[in-house]
Each structure stands twice: as C-alpha cells, then as structure tokens.
Amino acid sequence: MPALTESELIQIRRHLHQIPELALHETQTQAYLEQVINALNCPWLTIKHVPAVPTALLVRLQGTAPRRTIGYRTDIDALPVTEETGLPFASQHAGVMHACGHDIHMTVALGVLAHFASVQPRDNLLFFFQPAEEAEYGGKRVFDAGAFTGDWRPDEFYGLHDDPQLPAGQIATRMGTLFAGTTEIHVTFTGKSGHAAFPQKANDAIVAAAAFVMQVQTIVARNVDPVRGGVVTLGTFHAGTIGNVIAGSAHLDGTIRAFRQSDIEMMQQRVRRIAEGVGATYDVQVALKLIQGGYMPVENAPAQTEVLIDYMTQAPDVDFALVPPAMTGEDFGFLLQQFPGTMVWLGVGDPAHSLHSAQLNPDEAALMPGVKAWVGFLTARMEATHV
Ligand SMILES: CC(=O)N[C@@H](CCC[C@H](N)C(=O)O)C(=O)O
C-alpha cells in the first residue's frame, strides 16, 4: 500500500479545512481522520479512544524490533473565526475556521503515519491526534485520563506548528524554550445599570473594566524584566446593550504570556491584584478566573532536540533554520514536561497574514516537505543506537 501522494495530501487538507470544529467538539474531524487511517489497512496499526476525552484519537504502529516508542502529536481543533479567504474549499462551518493551520498539522501527521503504515517502523510509533489545543488543554486532559500508559507510553514526543512567516516547507526550531507559557484571563465586573442621564444612580461597569484594561498594561511595562519579555492581551470586551443605558456588567477575556513559569505566576498575581483594586476603587463586584491548564512553556529537551537539529541541518532535502522563541502558546508544553521531545515550526509561506487571521491561507506546497522531513528524521532516529 503506497504512502500518500501530494495530490492526496492536498485533498485531505482541503476536506479537513472545510469541517473545522471547536475545542472538544471535533467529532466530524475525528471521524474523517479515522476513515483515512482505516483505509490504510495496516496490520501493525491499532487505534485507541479515550472515553474521558471522546474526540481524542491515538494510533499505535508496532515496530519490527522496538527499543522505544516514539510519539508524534498533532492538534485537531479550530478557532471561532469567520473565514475571509474566499477559497473554494473555505470552512463550511459558520463562524469556525482552521485559522491556526491545524488542518495542515493533521495532514502532515497523516502523511507520516501513511508512510509508516506502508514501511513497518523499527521502533513503535504513537500518533496522537489531540483535541483542544486552542482552549481547554486537550493534551493535559488526555494525559490525566491515563491514556499514555503501558504500550501507549511514548519515550519521546515530537510535534509541529505551522508558521506563515517562514517559507513554505521550511523546518525551524531551537534548543531550549520555543514557545511561551500562557494563562487565560476571564473577568466580569458587575456594577449597577441605569439611565445614561443619571450616572449618580448607577455604577458603570464599563468605566471599571476600562480602568482594568489600562492598568494591566503596566504589568509588562513595569513588572516584567524587559530582557525576558511578556504579554498581557485582552481579546474581548463585552458590555452594554445601547448607548443611553449605563452597563451593569462587563466581561473581558484575555491571555497572559511569558517564557518562564515564575514570570507567568508573577503576572497572574499582578492581574489578580489589579482586578481586586479596580473592584475596590469603583465599588464593583469582580469575578476573575485565571486558567493555565496545560499551557506550560514549550521547552525542547536537550538530547532529542540536538539529534533533531543535527538531522535537519544535514539532510540534503530539508530547508532548516534556527529561530528565536515566540510568544505563541501550546499545550504541547505540558506533554514535553512529561516526556522529552521537540516541537518545530513548519513554514507555510503566507507572510501577509498571521496565525489566527481570518485570511490565513497556508501554502500547500509545505505539506510534502513537512512529511518528508519527519519521515526522514523518524527513520534516522529509529536507526540510532543511543536513546
Ligand atoms: C499556537 C497557538 O496559537 N496557540 C494558542 C494557544 C492558546 C492558549 C490559551 N487558550 C490562551 O489563550 O492563553 C495561542 O493563542 O498561542
């Protein structure tokens, strides 16, 4: 049974692109992945489901002479973004889009899996199709459900994320920290609604929330070591119904980011203190939730990353670059705390658009080089005598 051709990869990617689903709701995506995997008809392949996280999918390939189990993880969820690409294969799910390129990630994973379903690997391979990367920390949920135990325990774990700023097909990573750790901010300020003409009879939640927005900007400016950096972004602000009614409540969502866990904890503490201060100053009630879940900093493990960089640098058909760390988050950071391994970027050549853009249009020319780089690396890794 042959591995997937470039046109088959493109067909798969376009199908996945049309059926994006939000975190923990990836039922159609999971069914399609299983359909493609079952069609491989591979006798050394086993599929496992995780009842506690029903949209997760684990696939194990039995090795011929295994000395270890090598894990490869891809995320499968999408974002609440309304697609604006105008592509003929654009999202068919209103308000949901693969705006972070997880359709590309899944397709590369299927390409690698299909190769080792046609050429039995020497070591065992574990493919993890992970729900809920953008929110709800699916990697940690599946780990906590005990899915990575016994024969399903990887000795090392690898994964990729696409990067529109890099040329299509380029692989890029670094030793040490690749991505930030993050914490979601969810906060509601509750005051008292009333007539716009009588502010003295009401308590304006928008004014309190606006003060919060401005004050948290001081965290990066005044509390974080400027050499290390950090991010506090509030991405939503919902309040009020009409211009002549004072809003009784305001809800905001955002994210805290830094490369060190100690900085993240300090920033969480500052957000908490500022929210409490705003509550006291403006006499509003504050309901604050800070959720880190599994979004730990993504730390590439020294031994595996050195081997990977050596391979990618020397492989004649791999375009490889060393890159600085980025403030993107990834719950693969949690899995890399449990199992040593490496995350890389895969360039998808769309520099006009960032990840999470409604117009993101990754170049499909990245698919085959992505598959080949991983097949080459995993094959070399399985031939190596050292662990
Ligand atoms: C690669 C990527 O874009 N990941 C997301 C992860 C989000 C984590 C969490 N929901 C948060 O918002 O902090 C990212 O936004 O970086």
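Both counts, for ligands and for their atoms, begin at 1 and track the order of listing.
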Quiz item: Pick from W374, Y158, F128, F377: which one makes a ring-ring contact (aromatic ring centres under 6.0 Å, His included) with Y72?
Solution: W374
Quiz item: So, are K289 and E184 salt-bridged, with charged N and O less than 4.0 Å apart?
Solution: no
Practice problem: Run through ligand 1 for me and note each protein residue having a heavy atom under 4.0 Å from it, chain first, then residue number. | Solution: C100, E133, E134, H161, T182, E184, T255, R257, Y295, T328, G329, H356
Quiz item: Side chains of Q62 and Q120: donor-acceptor distance under 3.5 Å anywhere?
Solution: no
Quiz prompt | Distance-only side-chain donor-acceptor flag, H102 / E26, under 3.5 Å | solution = no
Quiz prompt | Check: N124/T69 side-chain N/O donor and acceptor closer than 3.5 Å | solution = yes
Quiz item: Have Q215 and T218 got a donor and an acceptor in their side chains that come within less than 3.5 Å?
Solution: no
